[in-house]
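To start, the structure under review is shown below, and the notes come after it.
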Amino acid sequence: MVLGHESAGTIVQVGSSVTTLKPGDRVALEPGYPCRRCGPCLSGRYNLCPEMRFAATPPYHGTLTGFWVSPADFCYKLPDSVTLQEGALIEPLAVAVHIVRQAAVVTPGQSVVVMGAGPVGLLCAAVARAFGASTVVSVDIVESKLSFAKSFCSTHTYSSQRIPAPENASNIRALAPSLAGGADVVIDASGAEPSIQTSLHVVRPGGTYVQGGMGRDEITFPIMALCLKEVTAKGSFRYGSGDYKLAVELVASGKVDVRKLISGVVAFEEAEQAFKKVKEGEVIKILIAGPNEKKE
Ligand SMILES: NC(=O)c1ccc[n+]([C@@H]2O[C@H](COP(=O)([O-])OP(=O)(O)OC[C@H]3O[C@@H](n4cnc5c(N)ncnc54)[C@H](O)[C@@H]3O)[C@@H](O)[C@H]2O)c1
Ligand SMILES: OC[C@H](O)C(O)[C@@H](O)CO
């Protein structure tokens, strides 16, 4: 199966009815096509379409290829100031935009804790900052990821320890006065059970928890904390109406600098190197140049 769903490209040909794009336009590609007819599609939540055809999700091939066919409205034109490389990172940024929008309450001055400082967690932290949160804590178990988070966007970081979840939570709350009563919003972008448990202890009474990470299907969840604090808990899956558009705007306006996440670029023929480097760690995103891209 062809892999790939984080991509950008240049238009080479358009259908006869397409008026919004022309050959030569550079676009970020939204890689999942919904049916546009079912209940979720008609209610504006097309990411929940049961008929979704999503790149690199069997049986559908992915975008790591020379040419790709897309509906015109799933191609997002990049302004001149945004490079194709940044365009490829619109996909994980759109995931983060959707997660932070699910929190609904990220408004100026609020406190947000993000569990996990991989690409998705980092981008959630950056989007929360861009939306006006004044305290943004990144939590991870890998020190180098936390150092990067601090230089990228987070106001505070916390290295999660092998101690009971309530203790990790009280250490996080001690990081800043704005967290003393708990965080307004907690986002899980790790999928890890200990981090999900800590999340429910660190969120404030009446606060919001968003599950973005995808780990095991079933975990032990501190449901009593959810009940006693009347926490609003939400899931978040991929992206829907307006998320890609907003992601492009966040990059174009300089509010989220996705270039910092690019650790390197490899030629298409050396794509396997990119996967190996990411697996070895110490890199964030390695881009794979398209097979038709001019060699520099
Ligand atoms: N909801 C969606 O639509 C969607 C879309 C894309 C990715 N995801 C999921 O989001 C998660 C993050 O994606 P990513 O690409 O950043 O992955 P990643 O693996 O690079 O990042 C996960 C991070 O969590 C950290 N972590 C592990 N255990 C932890 C713990 N106990 N406490 C704190 N941090 C811990 C890891 O060190 C790592 O830095 C993954 O689970 C992925 O499957 C969800
Ligand atoms: O960014 C999109 C995600 O990677 C996919 O939805 C995948 O994780 C599950 O199908």
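These numbers come from the heavy atoms of this one structure, side chains and all, not from hydrogens, waters or symmetry mates. In each ligand, atom 1 is the first atom listed, and ligand 1 is the first ligand listed. Residue numbers count from 1 along this sequence.
- Annotation: Y239 places no N or O atom under 3.5 Å from an N or O atom of ligand 2; distance criterion only.
- Under the 4.0 Å distance rule, the nearest protein heavy atom to atom 43 (O) of ligand 1 falls inside the cut-off.
- The aromatic rings of H5 and F54 are tilted relative to each other, their planes meeting at an angle between 30° and 60°.
- Protein heavy atom closest to atom 3 (O) of ligand 1, with residue, atom name and distance, is R238 N, 2.6 Å.
- At a heavy-atom distance under 4.0 Å, only side-chain atoms of A192, from C-beta outward, approach ligand 1.
- Here is the list of ligand 1 atoms found below 4.0 Å of a heavy atom in S236: 1 (N), 2 (C), 3 (O).
- For ligand 2 and E91, the ligand atoms under 4.0 Å from any heavy atom of the residue are 1 (O), 2 (C).
- For atom 36 (C) of ligand 1, the nearest non-hydrogen atom of the protein is D140 OD1, 3.5 Å.
- Within the 4.5 Å cutoff, the side chain of P71 has heavy atoms near those of the D73 side chain.
- Heavy-atom contacts of F237 reach the following atoms of ligand 1: 3 (O) (cutoff under 4.0 Å).
- In terms of N/O distances under 3.5 Å, ligand 1 is approached by M214.
- Between the side chains of E167 and S170, no donor-acceptor pair is found at a separation under 3.5 Å.
- If you check which protein heavy atom lies closest to atom 12 (C) of ligand 1, you get A189 O, 3.1 Å.
- The proximity of M115 to ligand 1, defined as any non-hydrogen pair under 4.0 Å, does not occur for either the backbone or the side chain.
- Note: W68 and Y33 have tilted aromatic rings, judged against thresholds of 30 and 60 degrees for the angle between ring planes.
- Annotation: atom 35 (C) of ligand 1 to nearest protein heavy atom, S190 CB, 3.8 Å.
- Between the side chain of T157 and the backbone N or O of K150 there is no donor-acceptor pair closer than 3.5 Å.
- For atom 17 (O) of ligand 1, the nearest protein heavy atom is 4.0 Å or more away.
- Heavy-atom proximity to atom 9 (C) of ligand 2, evaluated over H5, H98, R238, is greatest for R238.
- Residues E193 and T220 have side chains in contact (heavy-atom distance under 4.5 Å, counting atoms from C-beta outward).
- Considering only heavy atoms from C-beta on, I288 comes within 4.5 Å of F268 through its side chain.
- Between the side chains of S111 and S178, no donor-acceptor pair is found at a separation under 3.5 Å.
- Each of the following atoms of ligand 1 lies closer than 4.0 Å to a heavy atom of G212: 1 (N), 2 (C), 4 (C), 8 (N), 9 (C), 10 (O), 44 (C).
- The backbone and the side chain of V120 each have at least one atom closer than 4.0 Å to an atom of ligand 1 (non-hydrogen atoms only).
- Checked against a 3.5 angstrom limit, the closest N/O atoms of P119 and ligand 1 fall inside it.
- The pair E249-K245 counts as a salt bridge, with a side-chain nitrogen and a carboxylate oxygen less than 4.0 angstrom apart.
- Among all protein heavy atoms, the one lying closest to atom 8 (O) of ligand 2 is M214 SD, 4.0 Å.
- Close approach of ligand 1 to K145 (heavy-atom distance below 4.0 Å) involves ligand atoms 38 (C), 39 (O).
- Residues E91 and S7 have side chains that never bring a donor and an acceptor to within less than 3.5 angstrom of each other.
- Nearest to atom 21 (O) of ligand 1 by heavy atom, out of A94, G281, G118, is G118.
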